2 protein chains.
Amino acid sequence: MNIQQLEYIVALDEHRNHVKAAQQCHVTQPTLSMMVKKLEEELDVMIFDRSTLPLKPTPAGETVINKARNILKEIKSLRDSVKIEKDTIEGEFRLGVIPTLAPYLLPRFLNEFLQKHPGTSFTVTELQTQEIVSQLKSNKLDLGILVSPLDDKEIREIPIFYEPILLYTSEKMKYYKQDRVSLKSLTYDNLLLLEEGHCFRGQVENLCTSMGRKVVHQLNYQSGSLETLKAMVDNDYGYTLIPELAVGTKNKNVRHFTSPEPVREVSLAVHHNFIKERLLQKLRDAILKAIPAHFKKNEKVVRVRWN
Amino acid sequence: MNIQQLEYIVALDEHRNHVKAAQQCHVTQPTLSMMVKKLEEELDVMIFDRSTLPLKPTPAGETVINKARNILKEIKSLRDSVKIEKDTIEGEFRLGVIPTLAPYLLPRFLNEFLQKHPGTSFTVTELQTQEIVSQLKSNKLDLGILVSPLDDKEIREIPIFYEPILLYTSEKMKYYKQDRVSLKSLTYDNLLLLEEGHCFRGQVENLCTSMGRKVVHQLNYQSGSLETLKAMVDNDYGYTLIPELAVGTKNKNVRHFTSPEPVREVSLAVHHNFIKERLLQKLRDAILKAIPAHFKKNEKVVRVRWN
DNA sequence: AGATTTGTATTGATTTTATCAATACCAGCC
DNA sequence: GGCTGGTATTGATAAAATCAATACAAATCT
């Protein structure tokens with residue numbers, strides 16, 4: 001027995017005509033005739049009485065056909081349930097966001113999103129990348145917003161935007177007078193860094209080593225927040241690199257790097273089990289609407305890895 | 001999607017191990033793995049999370065598996081319902097019996113059968129063969145007991161026994177002194193016949209024509225019942241042929257024919273739609289138990305057609 | 001009664017699919 | 001590092017569904 005045979009007898013019962021039933025099933029009449037006969041042989045029961053014109057189901061066939069109809073309905077329901085599961089965005093979701101993004105990105109879109117989708121709610125936690133990844137895997141989180149690539153087979157990344165990495169410097173520093181700063185011109189002394197664990201620290205370090213430099217500290221001050229770093233710079237303790245959302249561009253201490261500008265790739269991250277495609281789509285769209293247009297990737301940028 | 005794929009995911013959910021699940025499904029592990037993957041691709045959803053050991057269903061997979069379980073249950077129910085329909089003998093059945101059998105055969109087995117099977121009941125109607133056949137076809141009857149063969153594609157015959165056709169003669173006739181009468185020795189004058197429509201009349205006529213004779217009547221008396229014919233013979237109005245159940249053999253007016261003895265084949269008749277195999281079996285058995293042993297066919301008889 | 005139409009079954013070739021055996025891969029463990 | 005238990009991949013083979021063509025069968029129409 002197979003599902004198509006069930007479809008064939010149901011179609012044949014509806015049309016009482018092999019040719020029409022076959023058309024509905026997108027097969028030829030001999031195919032349908034054969035398969036119906038085969039099912040009858042397997043069940044060892046006549047389903048249709050072919051002696052009349054048009055043919056009609058036998059009494060036993062009636063019950064078989066009705067059960068077949070029911071089975072097909074359930075199969076359809078199985079298919080649909082998957083689709084619905086993917087399409088519905090209603091629900092409670094646990095969202096992890098890295099600390100260098102959360103305070104700057106979330107306010108830009110969350111309220112509007114929640115108002116637009118009253119059936120959807122989030123529990124947001126600020127976590128570092130590794131923690132987000134591990135909690136996605138152990139199903140303690142549903143969604144993450146973080147910097148990719150992660151190179152983790154279990155985690156699916158959906159890139160959203162490319163956020164420029166800027167120089168944040170004080171009036172005292174030589175870079176202050178430049179309109180755009182070359183990465184190569186950076187001396188890595190007095191560079192203020194986030195503490196270990198932040199992916200953004202990894203990116204800054206990667207930028208340094210790609211320049212063949214090593215960070216040398218006179219003052220070894222490592223902060224857990226970009227706000228602290230900015231305050232340090234503002235008070236002439238050196239300079240730092242900072243993602244654009246954390247400062248904006250109108251800040252007088254901010255300088256863009258010369259092209260190709262270093263950027264970080266910000267992505268939605270989910271376990272491969274996560275199937276709410278529509279939610280991912282809606283979230284991504286909402287975020288894209290909430291960030292500056294130039295965050296969409298262009299050719300003159302270089303994606304900096306953090307790991 | 002096919003039924004086996006559903007079986008595979010259910011088995012895999014139960015064993016959480018491809019090898020064991022494959023064994024239960026009587027296929028090899030690669031087959032099961034492939035089919036599960038194929039279903040996942042078709043539904044476009046991960047059903048199992050293979051990153052853990054042992055693997056486990058994904059949240060979406062759980063619902064898919066449960067629905068699959070349900071579908072398989074219904075499929076089993078379909079199969080079973082056909083079997084049950086065939087095996088159950090309970091019910092109301094409409095039985096047609098030809099007049100030359102009904103009063104002699106039914107009393108021999110019906111009461112015992114009904115007592116043995118309290119859930120089974122019959123509505124019996126005495127009808128001639130053609131009427132039984134046509135009512136079986138139009139579903140006004142479920143069962144018939146009649147003389148075969150019918151040569152009707154829509155009707156299924158289940159032969160039960162072979163009833164000898166006897167000579168019923170009076171003391172005045174020359175046959176009376178013979179122990180066994182040769183068919184050839186019959187002169188067909190003064191042969192009393194049933195009226196048109198009775199299959200037994202057809203058989204007698206066939207016997208005559210097969211002997212190259214034609215029935216010649218001085219008295220053209222045609223009766224609707226064998227009882228009338230017997231009474232006529234008893235009063236020396238001629239002789240007649242008569243099936244054995246209608247007289248018994250101890251009657252002094254009865255003579256067997258010489259071998260090969262003419263017999264009529266008595267059968268159960270049903271429409272090909274009729275699937276209650278067990279009922280047919282039980283009925284046939286009950287009838288066989290209720291008739292003389294020599295009614296079972298032996299080589300020294302000739303089956304006489306009625307049509 | 002033949003001719004035509006309508007509906008179903010049969011046949012042989014072809015394509016698709018499921019299945020297998022063998023083996024590669026892969027992670028965890030002594 | 002080799003071993004083990006579990007899964008995936010591959011290429012060959014067997015089984016099936018399907019098709020086009022056509023035969024057959026019954027009903028309808030001249």
Side-chain angles (χ1 to χ4, degrees), chain A residues 1-43 46-58 61 68 72 133-134 137-138 151-155 272-273, chain B residues 1-43 46-58 61 68 72 75 134 137-138 151-155 272-273:
Chain A
M1 191 193 307
N2 61 47
I3 295 170
Q4 301 186 24
Q5 285 172 339
L6 300 184
E7 276 167 355
Y8 294 161
I9 61 171
V10 168
L12 188 51
D13 179 47
E14 271 160 20
H15 293 98
R16 306 289 168 102
N17 174 308
H18 284 69
V19 176
K20 284 174 195 157
Q23 275 170 355
Q24 174 178 303
C25 297
H26 307 293
V27 292
T28 57
Q29 168 264 316
T31 299
L32 186 132
S33 296
M34 290 284 280
M35 287 298 102
V36 171
K37 202 196 295 177
K38 229 173 185 177
L39 180 60
E40 288 181 329
E41 276 164 21
E42 184 183 337
L43 296 178
M46 292 298 282
I47 298 173
F48 291 97
D49 180 351
R50 296 162 175 80
S51 68
T52 66
L53 201 70
L55 54 69
K56 64 174 199 295
T58 64
L72 292 176
V133 168
S134 108
K137 288 186 190 177
S138 59
D151 291 319
D152 189 308
K153 273 177 302 184
E154 289 188 50
I155 302 296
H272 268 127
N273 291 345
Chain B
M1 190 192 309
N2 61 45
I3 295 170
Q4 300 186 24
Q5 286 172 339
L6 300 185
E7 276 165 356
Y8 294 160
I9 62 171
V10 167
L12 188 51
D13 179 47
E14 271 160 20
H15 292 97
R16 306 287 168 104
N17 174 309
H18 285 70
V19 176
K20 284 174 194 158
Q23 275 170 355
Q24 173 176 305
C25 298
H26 308 292
V27 293
T28 58
Q29 168 264 317
T31 299
L32 187 133
S33 296
M34 289 284 280
M35 286 300 101
V36 171
K37 202 197 295 178
K38 227 171 183 177
L39 180 59
E40 288 181 329
E41 275 165 19
E42 184 185 337
L43 296 178
M46 293 299 281
I47 298 173
F48 291 98
D49 182 351
R50 294 159 175 81
S51 67
T52 66
L53 202 72
L55 54 70
K56 64 173 202 294
T58 63
L72 293 176
I75 287 170
S134 107
K137 289 187 190 177
S138 60
D151 292 319
D152 191 309
K153 273 177 302 185
E154 288 188 51
I155 301 295
H272 269 127
N273 291 345

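Small disclaimer: the values here were computed from a predicted structure and weren't measured. In what follows, every chain begins at residue 1, and chains take the letters A, B, ... in the order their sequences are listed.
Between B:M1 atom CE and C:dA18 atom C1' the separation is 17 Å, expressed in whole Å. Protein atom CG of B:L55 is 11 Å distant from nucleotide atom P of D:dG6, rounded to whole Å. Nucleotide D:dA16 holds its C1' atom 10 Å from the CD atom of A:Q5, rounded to whole Å. Rounded to an integer number of Å, the gap from CZ of A:F48 to P of C:dA9 is 11 Å. Taking atom CE of B:M35 as the reference point, atom P of C:dT17 lies 10 Å away to the nearest angstrom. A:D49 places its CG atom 12 Å from the P atom of C:dT8, with the value rounded to the nearest Å. Here the C1' atom of nucleotide D:dT7 and the CE atom of B:M34 are 13 Å apart, to the nearest Å. The distance from atom CG of A:L12 to atom C1' of C:dA9 is 14 Å, rounded to the nearest whole Å.
OP1 and OP2 of D:dT7 both lie 4.0 Å or more from every side-chain N or O belonging to B:K20. The side chain of B:T31 contributes an N or O atom lying less than 4.0 Å from OP1 or OP2 of C:dC20. Phosphate contact (OP1/OP2 of D:dT18, side-chain N/O of A:Q4, threshold under 4.0 Å): present. Distances shown here put every side-chain N or O of B:R50 at or beyond 4.0 Å from the OP1 or OP2 atom of D:dG6. For the OP1/OP2 pair of C:dT8 and a distance below 4.0 Å, the side-chain nitrogens and oxygens of A:H18 include at least one atom meeting the criterion. Taking only side-chain nitrogens and oxygens, A:S33 comes nearer than 4.0 Å to OP1 or OP2 of C:dA9. Contact annotation: B:N2 reaches the phosphate of C:dA18 (side-chain N/O to OP1 or OP2, under 4.0 Å).
Note on B:H26: only backbone sugar-phosphate atoms sit closer than 4.0 angstrom, heavy atoms only; bases stay farther off. Nucleic acid contact class of B:V19 (heavy atoms, under 4.0 Å, all strands): base. Within 4.0 Å (heavy atoms only), B:Y8 reaches sugar-phosphate atoms of the nucleic acid but no base atom. Residue contacts shown for B:P54 are absent, as no nucleic acid heavy atom lies under 4.0 Å away. Residue B:Q29 is classed as a base contact, given a heavy-atom separation below 4.0 Å to a base.
Side-chain atoms of A:E42 come within 3.5 Å of backbone atoms of A:M1 as a donor-acceptor pair (strictly under, hydrogens ignored). Proximity of a side-chain donor or acceptor of B:Q29 to a complementary backbone N or O of B:H18 within less than 3.5 Å is not detected. Remark: the backbone N or O of A:L72 is not paired with any side-chain donor or acceptor of A:E7 at under 3.5 angstrom. Side chain of A:Q5 to main chain of A:N2: a donor-acceptor pair is present (N/O by atom type, distance under 3.5 Å, no hydrogens or angles). Looking only at distances, a side-chain donor or acceptor of B:T58 sits under 3.5 Å from a matching main-chain atom of B:M46. Between the A:E40 side chain and the A:F48 main chain, a donor and an acceptor come within less than 3.5 Å of each other.
Comparing A:T28 and B:R16 against DNA chain D, the residue whose closest nucleotide sits nearer the 5' end is B:R16. Residue order along DNA chain C, read from the 5' end via each residue's closest nucleotide, puts A:K37 first among A:K37 and B:K38.
Closest approach to the B:K153 side chain among D:dT9, C:dT8, D:dA26 is made by D:dA26 (side chain taken as heavy atoms from C-beta onward). Nearest to the side-chain atoms of A:N17 among the listed nucleotides D:dG6, C:dG7, D:dA8 stands C:dG7. For A:V27, counting side-chain heavy atoms from C-beta on, the closest listed nucleotide (D:dC19, C:dT19, C:dA18) is D:dC19.
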